[in-house]
Amino acid sequence: MQGREQWATRLGFILAAVGSAVGLGNIWRFPYIAGEYGGASFLLVYLVCIFIIGLPTMIAEFSIGKRGQLDAVGSFSKTAPAKPWVIGGWLGVITSFLIVSFYAVITGWIFYYMFSYLTGSLQQVEPGGVEEFFGGFVGDAFLPVMWQLIVMGIIVGILYFGVRKGIELSSKIFMPLLAVLLLVLAGYGLTLDGAGEGLSFLFVPDWSALGDPSLYLAAIGQAFFTLSLGMGIMVTYGGYLSKQTGNRLPGTATSIVLLDTLFAILVAVVIFTAVFTIGADAGQGPTLIFVVLPEVFNQMAAGGTFFAILFFFLVFIAGLSSAISLAEVSVSFAMRQVKLTRKKAALIVGGLITLVGIPSALSQGGPLGDFLIAGLPFLDFIDVLTDSYLLPIGGLIVVLFVGWGWKSRATLETADFKNQVFAKTWLFLIRFVAPIMILIILLANLFGIEA
Ligand code: PHE
Ligand code: NA
């Protein structure tokens, strides 16, 4: 029997997890959600969710994989044979499939922006005109689908050939580069006229915004989305842990969570200093970074085009690596469940993801702009359905499974806490706090209780 693959070093494992975590969730999604929910109030609730729900759930997901030593579905059923917990694995396949369908569309927008800077068309837009530029692009009947197809082609190509090395590069070289670039841009943002206003929007809470229950669901949803939780990805990564790389899981998970959070906050500083400088609407939604950032790049005295190309390139890479980890869930599932070869699975799954993504690509003012589900355009609907409902449900299953489905000795042994106080706190969080909070918020939203 062939030995199962394992991470070579703890650092390699951390980088891979950070590679999956850092993506459009930090750069595109976090600022626009924070902007919609009032900035600092959202940030506050988000940080609480990250540390009392997200981090404990990540440790739990790693534990399932570490104990099961298999893929997501396999690890669930091996650590609890013939129990319904495996639903968590199945749900993960469905959720990741739905997410990647629109994630590839957004990655296509990023790619198109980079391309537009390369050809010189975007830097020529008059100040204040980027909104129209963006609207014209996403509202087109053909272009968004074309760029979605290009991105899906790249994803399928990489999955088809299984180029592990290429994906790993993105975590080792491009992510640090992205961090440095964001630091430079944040430094630049602080020199802008709107810096003070932007910073107070981001860091001084408006307490009245906390009365809105949907803010909490959005915060939990974003916490799961940004940390790649609730769909078995971190279970799968935990499945490659050995005795050595798998010890001290809590510390490992904490570094991953801190890095992801830093990226999000840094991007938010860049965006909101810019938003208030150019007088844009912080709550405009998914279009936020596509409208605000280019205005700033275009107004930079020197190097704007260079920064823009570099920025969209790095974000493209970050999005691509996350999209690949998302699509790989369905590909490996199809290979095992339907016994397809990797090549067939990549082509078929990639084709299906593309088909489901097309309505998203056409939903932002394009031909399907007026086709609303639950009052939302298709892309926004799939986004809310997955991040606000499916991911929290997936995370709920994970914490209940590890917290209640295992003997507490096995649970604590697997997670490998060195500090007894932290260990007890964690157990308490995954047994009571996380499940109860997730449940209350899900129910409040399902039954439409509004403040
Ligand atoms: N965490 C990624 C991001 O923030 C998105 C993602 C979710 C990737 C789930 C993989 C799995 O963009
Ligand atoms: Na993220």
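Values in this document were obtained by computation on a predicted structure and should not be read as measured data. In listed order, ligands and their atoms are each counted from 1. Computation of the quantities below employed the complete heavy-atom set of this structure, encompassing side-chain atoms and omitting hydrogens, waters and symmetry-equivalent molecules.
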Donor-acceptor pair, side chain of Thr273 and main chain of Ala195, under 3.5 angstrom: no
Phe115, CZ: over 12 other non-hydrogen atoms inside 6.0 angstrom: no
Inter-residue atom distance Phe133.CZ - Leu122.CG, 0.5 Å rounding: 4.5 Å
Contact atoms of ligand 1, heavy-atom distance to Leu24 under 4.0 Å: 12 (O)
Total protein N/O/S atoms whose distance from the Na ion (ligand 2) is less than 3.0 Å: 5
Atom indices of ligand 1 within 4.0 angstrom of Ser20 heavy atoms, with elements: 1 (N), 2 (C), 8 (C), 10 (C)
Parallel, tilted or perpendicular, as decided by the 30° and 60° cut-offs, for the rings of Trp147 and Phe111: perpendicular
Separation between CG of Asp71 and OH of Tyr240, rounded to the nearest 0.5 Å: 8.0 Å
Heavy-atom donor-acceptor pair, Ser20 side chain to Ala17 backbone, under 3.5 Å: no
For atom 4 (O) of ligand 1, the protein heavy atom that lies nearest, with its residue and separation: Ala21 O, 2.8 Å
Enumerated ligand 1 atoms positioned under 4.0 Å from heavy atoms of Asn26: 4 (O)
Proximal atoms of ligand 1 relative to Ile233 (non-hydrogen, under 4.0 Å): 10 (C), 11 (C)
Aromatic ring pairing Phe378/Phe371, orientation class (parallel under 30°, perpendicular over 60°, tilted between): parallel
Atoms of ligand 1, numbered as shown, that sit under 4.0 Å from any heavy atom of Met231: 9 (C), 11 (C)
Atoms of ligand 1 close to Ser228 [distance to a heavy atom under 4.0 angstrom, numbered from 1]: 1 (N), 2 (C), 6 (C), 7 (C), 8 (C), 9 (C), 10 (C), 11 (C)
Heavy-atom donor-acceptor pair, Trp28 side chain to Ile289 backbone, under 3.5 Å: no
Protein contact of atom 7 (C) of ligand 1 - nearest heavy atom, named by residue and atom, plus distance: Phe225 O, 3.4 Å
Salt bridge flag under 4.0 Å for residues Asp416 and Lys66: no
Plane angle bin for Phe290 and Phe312 - parallel if under 30°, tilted between 30 and 60°, otherwise perpendicular: parallel
Enumerated ligand 1 atoms positioned under 4.0 Å from heavy atoms of Gly25: 3 (C), 4 (O), 12 (O)
Mode of Ser325 contact toward ligand 1 - side chain, backbone, both, neither (heavy atoms, under 4.0 Å): side chain
Ring-ring centroid check Tyr46 Phe30, cutoff 6.0 Å: yes
Tyr103 touching ligand 1 at heavy-atom level, < 4.0 angstrom: yes
